[in-house]
Amino acid sequence: MVKILKLRPDEIVGFIRKLKSFGVLKMVKATPEERELSELLDENVELINEEENTDKYFYVFTYVGILTIGNRVLKCYPKYIKDVEPHEKMKQVLSVLRKYNSREQIVALFNGEEENTSFNLLAIMLYLLEEYAENGVYTNELISMEDNGSGEILWDNTINETYAVIRNSRPVYVDLKTISIDEDEQDFFRRLHCCIVTKCSKILEQAGLDKLFDLGLVDVSDAEIADFGDDEYILYRIQRELDIQFNDRKKILLKTMYTYISHRKAFETGLGISMFGTNSFNLVWERVCAYVFDNQLNVKLNELKQIPNSDYFDTESKTLIEVIERPKWRYKGTNYLVEQSKTLTPDLISIYPYKDNFCFAILDAKYYLIKLTKHSIEGNPGVGDVTKQYLYQLAYQDFIDKSGFKYIQNAFLMPIDDENAEFVGTAELNMMREAGKRLEHISVIKLPAKRLYQAYLNGRPDLELFEYLKMAPIKQISGDSFSRRMLAYLKVEKSLETDNKEEKIIGYPEQIQSDVGAKVLFDIIAPEVARHSYTYSPYRKDIVGAVAEDVSDSDMEEKIVRFIETLVSKYIETTRINTIRIDEGLLFVDNMINEWDFYEIKEQEKRIAETLQILYH
């Protein structure tokens, strides 16, 4: 490091200590396992004295961006970049960082009176140059009086200082006194602003950073800051100007110049550290993936156009993230439950068109350099990441089933320095996959970072990028998953036998007690009819141990039961002659619904038809 950074041996300890204090550099044991870690946990980092013999340790930079310490510049590239001099790629990364930070204030704007305020010279210089490119130089106006100008007429001066010509008994003034407003090119703050932006531009050019930040050279002044007086005098003049300025742009610019003047000497003497970047680049990668693949987590259900069975959610106002169940805590020996405010939070949920339906994709952006071969694995997410990804799918399983999705995908997304994406393999944990439901294994997809960054910077999604997701396995949910799930519950006598919220036993009409298929159809049809009726309740609460409730419309219940019996018998009879395809089944169900005047269940035709196909073929 002494050789690379051209430091004296006695300077390196302080240099390393400063980098460590800002979270830029960490020291780990000199083993291949530690060197290859994608995420350095606190337990991986050795807390040692920088002056000790460090032959047994690696220095690991955990930062992406530009770093200056005094007159030394460090360019820290993302770890996936393979080029030796990746100028254009780094330029794009810095643009991504700039957009990522646009929601945050990366420039400390203050007037020097506050204590313990952070200062970032590089961010200040970038702000000054970008602000100058957008708004031009700081200006103050010179207001004077002139003869017959184009400005506002000064009537008092015109009447008192010129002669009038009387015409038709009225005075006519041939010469007018008017206001003249010009930019004061010799204004102190205009000249100071030109001097500072010129100096900042030359500093970045000498450091080789002007092209990285895509900034043109600004050379609008030959003056030196010392020409304006000592620092105390310049700061005094800026403060006086701030007291009389009301323009917001000018106030911010003056405060920034104040900051630059009051702190620049620390950097000229080699004591200051300045940063433009992040030691949490994983968060940047997450945001890029969330934007590119149209994250739906915070979209309300009734606004999601991609839900196949969208009518089911017409009355839902909660968001997709709120679908996930929250942990509940029960106080001992009571029925009082306290719901926890936080729960599982996936990185992003993408819902994109796939074949004849939509794919519900549970995606996790991982800033890892995975190396997977037939016999080894390195740089991979930990077991906690894998189990959480399974749990995300489990949390959304019921929603997916009820919404009518036919396809599901679960995947890790990782950056790669290449032109094309690559499906690497899968992460598998069978005990999670077989825990009550058939959860999908987690695919690993490497994505070309350059293309994703470009879409992020363009501010519009690139639909072609969704083709990368389709490289990995996408599971088709066979048949009507609602019907299959209900059938499974009924067979093991679960869930539908008791209503835990009411603490009452739920019973079915006697005519269908012994027919599992009829029960499933009842659970599709009866709630839909009840939704359109204020008097009808779909389940009878008259089994042993339950408080009996009157069914106010027993005729409706009887009609539903007879409709199911007729529907099933006719369907079975028809299938003996010919196998019914799903489109024929839909027509069959539609005719039955029209025949029985059951318009309440028109929207459930497809579900009923698929259920008949599953249960009675």
Side-chain angles (χ1 to χ4, degrees), residues 1-87 89-90 93-94 97 122 212 270 273-286 365-373 375-386 412 414-418 424 444 446 449:
M1 290 187 72
V2 169
K3 181 179 178 181
I4 293 172
L5 300 173
K6 297 179 181 179
L7 291 164
R8 297 194 308 272
D10 59 323
E11 293 178 316
I12 191 65
V13 172
F15 192 86
I16 292 173
R17 186 176 289 127
K18 185 161 291 189
L19 291 177
K20 289 176 67 177
S21 68
F22 280 87
V24 173
L25 187 74
K26 292 185 178 181
M27 298 175 69
V28 299
K29 293 178 180 178
T31 64
E33 291 79 13
E34 296 289 340
R35 181 184 59 194
E36 293 296 332
L37 281 178
S38 289
E39 289 186 356
L40 293 173
L41 306 177
D42 290 338
E43 57 263 30
N44 302 126
V45 181
E46 291 287 335
L47 300 176
I48 67 166
N49 191 314
E50 293 84 359
E51 297 176 353
E52 292 182 14
N53 187 322
T54 56
D55 291 343
K56 297 180 179 179
Y57 297 90
F58 281 133
Y59 294 107
V60 181
F61 281 83
T62 58
Y63 178 81
V64 172
I66 305 297
L67 183 76
T68 67
I69 299 185
N71 58 0
R72 289 175 174 81
V73 179
L74 280 70
K75 302 171 187 176
C76 302
Y77 304 108
K79 60 190 175 186
Y80 60 83
I81 291 182
K82 299 180 289 187
D83 298 359
V84 177
E85 288 292 334
H87 177 82
K89 292 176 182 176
M90 189 61 179
V93 168
L94 292 176
L97 286 172
L122 182 57
L212 273 180
I273 185 168
S274 184
M275 304 164 71
F276 185 92
T278 177
N279 50 16
S280 301
F281 194 73
N282 60 303
L283 300 180
V284 180
W285 176 243
E286 286 177 13
K366 288 294 183 188
Y367 183 53
Y368 281 75
L369 288 184
I370 191 170
K371 297 177 183 177
L372 178 60
T373 68
H375 307 291
S376 65
I377 175 69
E378 295 179 9
N380 55 292
V383 65
D385 295 311
V386 175
F412 289 135
M414 302 181 186
I416 187 175
D417 186 15
D418 209 334
V424 180
V444 180
K446 289 184 177 181

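Of all non-hydrogen atoms in G23 and N279, the two that sit nearest each other are O-ND2, 3.6 Å. Between P415 and W285, the closest heavy-atom pair is N-CZ2, 3.4 Å. Nearest heavy-atom pair across K89 and D83 is NZ-OD2, 3.1 Å. When all heavy atoms of Y80 and A449 are compared, the closest pair comes out as OH-CB, 3.5 Å. Of all non-hydrogen atoms in K18 and I69, the two that sit nearest each other are CD-CG2, 4.5 Å.
Once rounded to the nearest 0.5 Å, the distance linking CG of L74 with CD1 of I66 reads 9.0 Å. Separation of atoms OH (Y368) and NZ (K446) is listed at 14.5 Å; rounding is to 0.5 Å. One finds the CD1 atom of I370 at 4.5 Å from the CE atom of M414 (value rounded to the nearest 0.5 Å). The structure places CG of L7 at 5.0 Å from CG of L5, a figure rounded to the nearest 0.5 Å. Between K366 atom NZ and D385 atom CG the span is 3.5 Å, to the nearest 0.5 Å. Note that the CG atom of L19 and the OH atom of Y63 stand 10.5 Å from one another [nearest 0.5 Å].
No donor-acceptor pair closer than 3.5 Å links the side chain of K6 to the backbone N or O of R72. Counting only distance, with no hydrogens or angles, the side chain of T278 and the backbone of G65 share no donor-acceptor pair below 3.5 Å.
In this structure, K79 is positioned above the aromatic face of Y367, its NZ or CZ under 6.0 Å from the six-membered ring centre and within 45° of the axis.
When each of V24, L25, L122 is checked for a side chain to side chain contact (heavy atoms under 4.5 Å, CB included) with L67, only V24 meets the rule.
For K75, there are no side-chain hydrogen bond (donor to acceptor under 3.5 Å, both in side chains) partners two or more places apart in sequence or in a different chain.
V93 places none of its side-chain heavy atoms less than 4.5 Å from the side chain of V284.
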